[in-house]
Amino acid sequence: MKVEFAPLNIPLARRLQTAAVVYWMLSCLVFAGVCLGIAVFLIIRNYWFLYLPYLTWLYFDWQTPEQGGRRSEWVRSWAIWRYFKDYFPIHLIKTQDLDPSHNYIFGFHPHGVLVAGAFGNFCTNYSAFKELFPGLTPYLHMLPYWLRCPLFREYVMSIGLVSVSKKSVSHVLSKEGGGNISVIVLGGAEESLDAHPGKFTLFIRQRKGFVKTALTHGAYLVPVFSFGENELFNQVSNPKGSWLRNVQEKLQKMMGFALPLFHARGIFQYSFGLIPYRKHIHTVVGRPIPVRQTLNPTSEQIEELHQTYMEELRKLFEEHKGKYGIPENEALIFR
C-alpha cells in the first residue's frame, strides 16, 4: 500500500480542524474508558475525600439524563466545535419552517459509524440550527449505557446529550407550549454495521416505538437525512451471514452497542487511520408530519403513521439525492 503523506505547508486552520476531529474521535472512543479508569483508580487508592462526594452527587443526580440533562452553552460554544464542523464541513438544510409551538421528533438517518452529522448540528452552537429553527431546542438521544459512566456522563450531558429511554424522550416531549425536539438516530447500533460508502440501508421497519411516543404526546414527526454520513469511513466487509457479522451481532446483543471495524485516514498521512475523510455532510430536515395526540393509540394507528413516515423519508431522499452526487438509480433500502 502506497502511503500518501500530508504536505508540510498545510494552513493553520486545516491543522486546527484536524485536531478538533481527533479530539472528537477520542471523546467517542476513549474518554468513557478513561473516566471509568479514573473513578476506579480513586477508589483503589482510597482517595475517599474525592470519590465519596462524587458518589453522593451521583446518587442524587442519577435521573438527570432522563430529565432533560444538564446542557452547558459554554461547552457547546467551545471554539473546537467550530473547527470540527468546518473539517468536513457539516451543513444543515431546512426544507420547511417549524412552528415552535409544537414539540417534534426528528428521525435522524443514517446512523453512519459515529453519527458525526447529528453531533455537529445538534450538540454544538456552530451549526445554523438557531437561525433556521428559532424558538426550538434540540436534544440528541444516546444509549443510556454511556450516561451511567462516572464523570463521562457530566461531559456528554454538557453538550446536550440525553438518554434515549422512553422516560427521557417523554420528558422532552412533555414541555407545554412546545419548543422541544427529540433527535433520535432511529437505526441505532444495528444500522452502524451497514454504514458502508455508497450504501443506503436503514433499519426502520421494526422501529415503531418512536411512532407510538409521537402519538402519545402529539409530537410532530420530521424525517432527517444526512447525506455523506456513510462516506466518512471505510468499513471491513461484513455481509449478513459472514463470520464477522455474526460476531458483531452477538457482541451487540451482549453489550448493547455495535463494534464496526472501520478505517479512513491518519493524522499525518491520508492512506490509513481512524480519522474520518473530509467529506461534505448535508443534513436535510424534511417536512413535518402533523400528529394528533392519542393517549392510547391502536396498533393500526401506529402502523399507519409509521408507513406515512417511511414514505416521507423516501420522498426526502429522492428529492435531494441528485444535489449531493447520488446516482439516480440509487434508492433507500428499508429493513
Side-chain angles (χ1 to χ4, degrees), residues 1-34 78-93 108-124 126-127 159 185 187 189 191-201 225-239 242 244-245 248 257-284 320-327 330:
M1 179 179 66
K2 184 179 179 181
V3 179
E4 181 185 354
F5 288 95
L8 297 177
N9 59 340
I10 296 178
L12 177 60
R14 288 177 68 87
R15 293 179 184 272
L16 291 173
Q17 291 165 10
T18 301
V21 169
V22 171
Y23 172 81
W24 172 72
M25 290 291 294
L26 290 173
S27 69
C28 291
L29 303 175
V30 178
F31 279 13
V34 171
W78 283 355
I80 196 170
W81 304 133
R82 172 163 60 86
Y83 291 110
F84 168 80
K85 179 188 76 73
D86 291 341
Y87 172 89
F88 301 96
I90 297 173
H91 313 270
L92 186 64
I93 296 94
F108 186 93
H109 312 271
H111 184 288
V113 172
L114 291 175
V115 209
F119 179 87
N121 282 309
F122 305 119
C123 290
T124 79
Y126 291 101
S127 75
I159 52 182
V185 186
E191 191 173 279
S192 69
L193 298 178
D194 272 317
H196 295 274
K199 302 297 182 182
F200 305 99
T201 301
F225 198 90
S226 196
F227 293 89
E229 198 77 41
N230 283 350
E231 313 302 315
L232 304 183
F233 300 94
N234 292 317
Q235 190 172 166
V236 176
S237 180
N238 59 341
S242 66
L244 176 58
R245 186 59 167 263
Q248 289 174 321
F257 56 91
L259 292 173
L261 296 181
F262 62 90
H263 60 90
R265 52 159 289 190
I267 300 175
F268 303 110
Q269 45 78 29
Y270 299 146
S271 300
F272 189 83
L274 297 179
I275 309 303
Y277 295 117
R278 286 181 182 267
K279 301 285 187 179
H280 284 265
I281 299 173
H282 294 90
T283 303
V284 184
H320 294 273
K321 67 181 183 181
K323 302 175 186 177
Y324 307 118
I326 298 174
E330 292 289 350

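Computed from a predicted structure; not experimentally measured.
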*Asks:* Hey, could you give me the CG/CG distance between L193 and L259, rounded to the nearest 0.5 Å?
*Replies:*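 Reported value, rounded in 0.5 Å steps: 8.5 Å.
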*Asks:* Give the minimum heavy-atom separation between A116 and I281, together with the two atoms involved.
*Replies:*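 Closest approach of A116 to I281: CB-CD1, 4.1 Å.
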*Asks:* When the ring centroid of H263 is compared with that of F272, is the distance short of 6.0 Å?
*Replies:*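 Close enough - the centres of the two rings lie under 6.0 Å apart.
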*Asks:* Answer yes or no: is there a donor N or O on one side and an acceptor on the other, between the side chain of Q235 and the main chain of P260, under 3.5 Å?
*Replies:*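 Such a contact is absent between Q235 side chain and P260 backbone.
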*Asks:* What's the spacing between F227 CZ and H280 NE2 if we round to 0.5 Å?
*Replies:*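 F227 CZ to H280 NE2: 15.0 Å, rounded to 0.5 Å.
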*Asks:* Working to the nearest 0.5 angstrom, can you tell me the gap between E229 CD and L114 CG?
*Replies:*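 Those atoms lie 9.0 Å apart.
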*Asks:* Compute the ring centroids of F84 and Y23, then answer whether they are less than 6.0 Å apart.
*Replies:*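 No, too far apart.
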*Asks:* List the steps and the verdict of side-chain contact (heavy atoms from CB on, under 4.5 Å) for Y277 and N234.
*Replies:* CA-CA 9 Å; Y277 295 117; N234 292 317; 3.0 Å; yes
*Asks:* How close do P276 and M25 get, heavy atom to heavy atom, and via which atoms?
*Replies:*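 Nearest pair, atom of P276 first, then M25: CD-SD, 4.0 Å.
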*Asks:* Is a salt bridge present between R245 and D194, judged by a nitrogen-to-oxygen distance below 4.0 Å?
*Replies:*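 Looking at R245 and D194, the cut-off is met.
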*Asks:* Using the rule ring pair (Phe, Tyr, Trp, His ring centres under 6.0 Å), only one of Y126, F122, F119 pairs with W81; which is it?
*Replies:*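 Of Y126, F122, F119, ring pair (Phe, Tyr, Trp, His ring centres under 6.0 Å) with W81 is met by F119 alone.
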*Asks:* Do N121 and H91 have side-chain atoms, one donor and one acceptor, less than 3.5 Å apart?
*Replies:*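 No, H91 and N121 have no side-chain donor paired with an acceptor closer than 3.5 Å.
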*Asks:* Could you pull out the closest heavy-atom pair between F233 and I275, with the gap in Å?
*Replies:*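 Where F233 meets I275 most closely, the heavy atoms are CE2-C, 4.2 Å.
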*Asks:* Apply the test side-chain contact (heavy atoms from CB on, under 4.5 Å) to residues W78 and I159: give CA-CA distance (whole Å), side-chain angles for both, the deciding distance (0.1 Å), then the verdict.
*Replies:* CA-CA 10 Å; W78 283 355; I159 52 182; over 6 Å; no
*Asks:* Passes ring-ring contact (aromatic ring centres under 6.0 Å, His included), F225 versus H109? Steps please.
*Replies:* CA-CA 5 Å; F225 198 90; H109 312 271; 7.2 Å; no
*Asks:* Determine whether a donor-acceptor pair (N or O, by modelled atom type, separation under 3.5 Å) exists between the side chain of R278 and the backbone of Y87.
*Replies:*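 A pair under 3.5 Å: yes.
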*Asks:* Does the side-chain contact (heavy atoms from CB on, under 4.5 Å) test come out yes or no for V284 and Y324, once each step is laid out?
*Replies:* CA-CA 11 Å; V284 184; Y324 307 118; 4.0 Å; yes
*Asks:* Going from CD1 on I80 to CG on L16, what distance comes out if it is rounded to the nearest 0.5 angstrom?
*Replies:*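 Those atoms lie 9.0 Å apart.
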*Asks:* Please find the pair of heavy atoms, one from S226 and one from P110, that lie closest to each other, and give the distance.
*Replies:*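 The answer is O-CD, 3.5 Å.
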*Asks:* Any idea which heavy atoms bring G120 and S127 closest together, and the distance?
*Replies:*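 The pair with the smallest heavy-atom distance is O-CB, 3.7 Å.
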*Asks:* Looking at CG of L244 and CG of L261, how far apart are the two atoms once the value is rounded to the nearest 0.5 Å?
*Replies:*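 Answer for the CG-CG pair, L244 versus L261, is 5.5 Å.
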*Asks:* Looking at every non-hydrogen atom in both residues, tell me the closest pair between P197 and E231 and how far apart they are.
*Replies:*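 That would be CB-OE1, 3.4 Å.
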*Asks:* Taking the side chain as every heavy atom from C-beta outward, state whether L232 and F262 have any pair of such atoms under 4.5 Å apart.
*Replies:*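 Sidechains of F262 and L232: no contact.
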*Asks:* So how far is it from N230 CG to T201 OG1, rounded to the nearest 0.5 Å?
*Replies:*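 With rounding to 0.5 Å, CG (N230) is 8.5 Å from OG1 (T201).
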